[in-house]
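Report on the structure given below.
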Amino acid sequence: MAYATSNPPVLITQGIAGFRLWKYESVDAATLVRVAGYFTNGWQLGMRANDIIFVTDTDTGSGTTTIHTVNSASSSGVDLTDGLAVGTTDTD
């Protein structure tokens with residue numbers, strides 16, 4: 001699948017120094033979302049370098065979530081770091 005501007009990342013909070021925290025949910029895997037240019041309107045939405053974004057792949061049974069840093073952002077697109085998987089194991 002591909003990014004649709006009708007399902008943009010949601011700004012959760014913005015800190016005093018400009019730090020922003022985002023949330024994005026899609027059927028696309030994190031390996032697709034993190035590619036440079038995936039978010040075609042990220043700059044217009046306010047995404048900037050060093051922002052943090054939680055990405056949830058809703059196509060998986062448990063809703064796999066990864067945390068990424070915005071590596072770069074410009075009017076031509078946003079590039080995310082590879083990301084870190086958030087554990088969902090509950091052994092009790």
Item to check | Residues in side chain to side chain donor-acceptor pair (under 3.5 Å) contact with Thr56, at least two apart in sequence or another chain | outcome: Lys23, Thr65
Checklist entry - Do Thr58 side-chain atoms and Ser26 backbone N/O form a donor-acceptor pair below 3.5 Å? => result yes
Item to check | Residues in side chain to side chain donor-acceptor pair (under 3.5 Å) contact with Asn7, at least two apart in sequence or another chain | outcome: none
Item to check | For Ser74, all residues meeting side chain to side chain donor-acceptor pair (under 3.5 Å), sequence neighbours excluded | outcome: Ser76
Checklist entry - Step by step, would you call Leu84 with Thr66 a side-chain contact (heavy atoms from CB on, under 4.5 Å)? => result CA-CA 5 Å; Leu84 177 67; Thr66 51; over 6 Å; no
Checklist entry - If you look only at pairs with a residue in residues 4-16, which of them pass as a salt bridge (Lys or Arg N to Asp or Glu O under 4.0 Å), with sequence neighbours excluded? => result none
Next on the checklist: Return the CD1 to CD1 distance between Ile52 and Ile12, rounded to the nearest 0.5 Å.
Outcome noted: 11.0 Å
Next on the checklist: Filter on salt bridge (Lys or Arg N to Asp or Glu O under 4.0 Å), then keep only pairs touching residues 28-50, sequence neighbours left out; what's left?
Outcome noted: Arg34-Asp82
Checklist outcome for this item: salt bridge (Lys or Arg N to Asp or Glu O under 4.0 Å) pairs touching residues 4-20, sequence neighbours excluded, are Arg20-Asp51
Checklist outcome for this item: The side-chain contact (heavy atoms from CB on, under 4.5 Å) partners of Ala29 (sequence neighbours excluded) come to Thr31, Asp57
Checklist outcome for this item: Taking every heavy atom of Thr5 against every heavy atom of Pro8, the minimum-distance pair comes out as O-CD, 3.4 Å
Item to check | Side-chain donor/acceptor of Thr69 to backbone N/O of Thr81, under 3.5 Å | outcome: no
Next on the checklist: Could you work out, with ring-ring contact (aromatic ring centres under 6.0 Å, His included) as the rule, every residue matching Phe54, not counting sequence neighbours?
Outcome noted: none
Next on the checklist: Please enumerate all residues that pass side-chain contact (heavy atoms from CB on, under 4.5 Å) together with Val10, with sequence neighbours excluded.
Outcome noted: none
Checklist entry - Which hydrophobic side chains are connected to Leu45, either touching it within the sub-4.5 Å cutoff or through other members that do? => result Tyr3, Leu11, Trp22, Tyr24, Val33, Tyr38, Phe39, Met47, Ile53, Val55, Val70, Val78, Leu80
Checklist entry - What heavy-atom pair brings Ala49 and Ala73 nearest, and what distance separates the two atoms? => result N-CB, 4.2 Å
Item to check | Separation between OG of Ser72 and CG of Asn50, rounded to the nearest 0.5 Å | outcome: 10.5 Å
Checklist entry - Is there any salt bridge (Lys or Arg N to Asp or Glu O under 4.0 Å) pair reaching into residues 67-79, and which pairs are they, with sequence neighbours excluded? => result none
